[in-house]
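This report concerns only the one structure given below.
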Protein chains: 2
Amino acid sequence: MPKVLSPALSKYSRDALSLLGALIREARLTSTLTTTEVSTRAGISRGLLQRIERGDPGCGIGAVFEVAAIVGVPLFEMDERLLPARLARQTEKMALLPKSVRAPRTAVNDDF
Amino acid sequence: MPKVLSPALSKYSRDALSLLGALIREARLTSTLTTTEVSTRAGISRGLLQRIERGDPGCGIGAVFEVAAIVGVPLFEMDERLLPARLARQTEKMALLPKSVRAPRTAVNDDF
DNA sequence: CCCATGCGGCTTGTTTATGGGCCATTTGCC
DNA sequence: GGCAAATGGCCCATAAACAAGCCGCATGGG
C-alpha cells in the first residue's frame, strides 16, 4: 500500500526549484560543459545532475548547491567572496535571539 | 568496507547551506514558532527540520525550500509574487539555447 | 547527409535519508 | 526556584535517493 503521496510542495517551492534548475542548466550550456563534465566535477552521477536541472525536489541540497557553485549560479544573489562574511554576521545575530520559543497562547490568538 | 567518504562539499556550498539554515532558524524564532509547528506545516519530521536548520547537505532540497517558504525566507532575494514571472522568463530563454553542447576541443585547449 | 556525441530515460542494487519514538538537557515564563 | 515546554540527540525500521550501466533518440558539426 503506497501511502498518501507526499504532501505536495507549495507552488512557490516548486517554482523556485524549477527556476534554480533552469538557471543551472543555462549556466552549464553557456559554459559549454557536458552533463558528464559537470557531474564528474561535482562528484555526483549524471542522472542526478539531470534531476537537478529538472528541479526535482528530492535531490540532496548539498549536491544542488555544489553544482550551482560549479557552473557559477550565485546562491544568494551574492558574490562568492562575500558569503563567509555574511555567514559570520548571521551567526552573530543568532546568538542574540532566544534559543527556544515559548508557546504563543494559541497560534494567532489575538481575539481580545 | 566503507568507501571513501563523500567527496566533501566546497566551502562555498557549506557556507551557503549554513547561512540558509541560520536564516530559517532566525525566521522561525522571530515568528515564535516551535520546531514542531513548522515541521508539521511543512509535512516533515521535527528531526529533519533540525538538520535543515543545522545546514545538513543531505536534506532534500524540496523540504528545505518548503520550510524556507513557510517561515518566510526569500529563496532568490525575490518576492514570492515575482517568482512565477521570473520562471516564465527563464523558461523562454532556455528555448533559445542549444539543447546540447558540443565537445570543446579539449577542456580549455587554446594553445594555438 | 553522415557521424560522433550529448542527452534523457529506464532498471537494478546499494547507500542514505526520513519518520517516529524516546530520553536528557536547556530554556524561559510564572 | 520551580515547571512545563522546547530543543537536541540517538536508535531503529522503512522509504527513498543515488550510482552505474544500458538503451535509443536527438543534435549539431564536418
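Every heavy atom of this structure was used, including side-chain atoms; hydrogens, water molecules and symmetry mates were not. Naming convention: chains lettered A, B, ... in sequence-line order (proteins, then strands); numbering from 1 in each chain.
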TODO: Send over the distance from A:D56 CG to D:dA16 P, rounded to a whole Å.
DONE: 13 Å

- [ ] Give one of base, sugar-phosphate or nothing for A:S100, where a contact means two heavy atoms less than 4.0 Å apart.
- [x] sugar-phosphate

Task: B:Y12 (side chain) donor-acceptor with A:L75 (main chain) under 3.5 angstrom - done: yes

- [ ] Verify the contact: side-chain N or O of B:R51 to OP1 or OP2 of C:dT18, cut-off strictly under 4.0 Å; return yes or no.
- [x] yes

- [ ] Using atom CG of A:L29 as one end and atom P of D:dT27 as the other, report the distance to the nearest whole Å.
- [x] 13 Å

Open item on the list: Near DNA chain D, counting only heavy atoms under 4.0 Å, which residues of residues 12-23 of chain A show up?
Closed with: none

- [ ] Could I get the full list of side-chain hydrogen bond (donor to acceptor under 3.5 Å, both in side chains) partners for B:K93, not counting sequence neighbours?
- [x] A:E26

Identify all pairs in which a protein N or O lies below 3.5 Å from an N or O of nucleotides 8-11 of chain D, and state each distance.
from  : atom 1 : to    : atom 2 : distance (Å)
D:dG8 : OP1    : B:R25 : NH2    : 2.5
D:dG8 : N7     : B:R46 : NH1    : 3.3
D:dG8 : N7     : B:Q50 : NE2    : 3.2
D:dG8 : O6     : B:R46 : NH2    : 3.1
D:dG9 : OP2    : B:R54 : NH2    : 3.2

Task: N/O donor-acceptor pair under 3.5 Å between A:R28 side chain and A:L33 backbone - done: yes

Task: Heavy-atom pair with the smallest gap, counting every atom of B:L97 and A:L29 - done: CD1-CD1, 3.4 Å

Task: Shortest non-hydrogen contact between A:I61 and B:L20, atoms and distance - done: CD1-CD2, 4.0 Å

TODO: Evaluate the side-chain proximity of A:F76 to A:L82: yes if any heavy-atom separation is below 4.5 Å, no if none is.
DONE: no

Task: Out of C:dT18, C:dC7, D:dC18, whichever nucleotide has its closest atom nearest the side chain of B:C59 - done: C:dT18

- [ ] Would you mind reading off the distance between A:I61 atom CD1 and D:dC18 atom P, rounded to a whole angstrom?
- [x] 12 Å

Task: Check: B:E66 side chain, A:S10 main-chain N or O, donor-acceptor pair, under 3.5 Å - done: yes

TODO: Please report, rounded to the nearest Å, how far the C1' atom of C:dG8 is from the CE atom of B:M94.
DONE: 15 Å

Open item on the list: Without decimals, in angstroms, what is the distance between A:I44 CD1 and C:dT15 C1'?
Closed with: 16 Å

Open item on the list: Under the criterion side-chain contact (heavy atoms from CB on, under 4.5 Å), I'd like the reasoning laid out for B:L48 against B:S39: C-alpha separation, chi angles, the key distance, then a yes or no.
Closed with: CA-CA 8 Å; B:L48 178 55; B:S39 60; over 6 Å; no

Task: Integer-rounded Å distance: D:dT27 C1' and B:L97 CG - done: 14 Å

TODO: Might you point out which heavy atoms bring B:S31 and B:V71 nearest each other, and give the distance in Å?
DONE: OG-O, 4.4 Å

Task: Separation of atom CG in A:L49 from atom P in D:dC18, rounded to whole Å - done: 12 Å

- [ ] Let me know the distance between CG of A:L48 and P of C:dT16, rounded to the nearest Å.
- [x] 14 Å

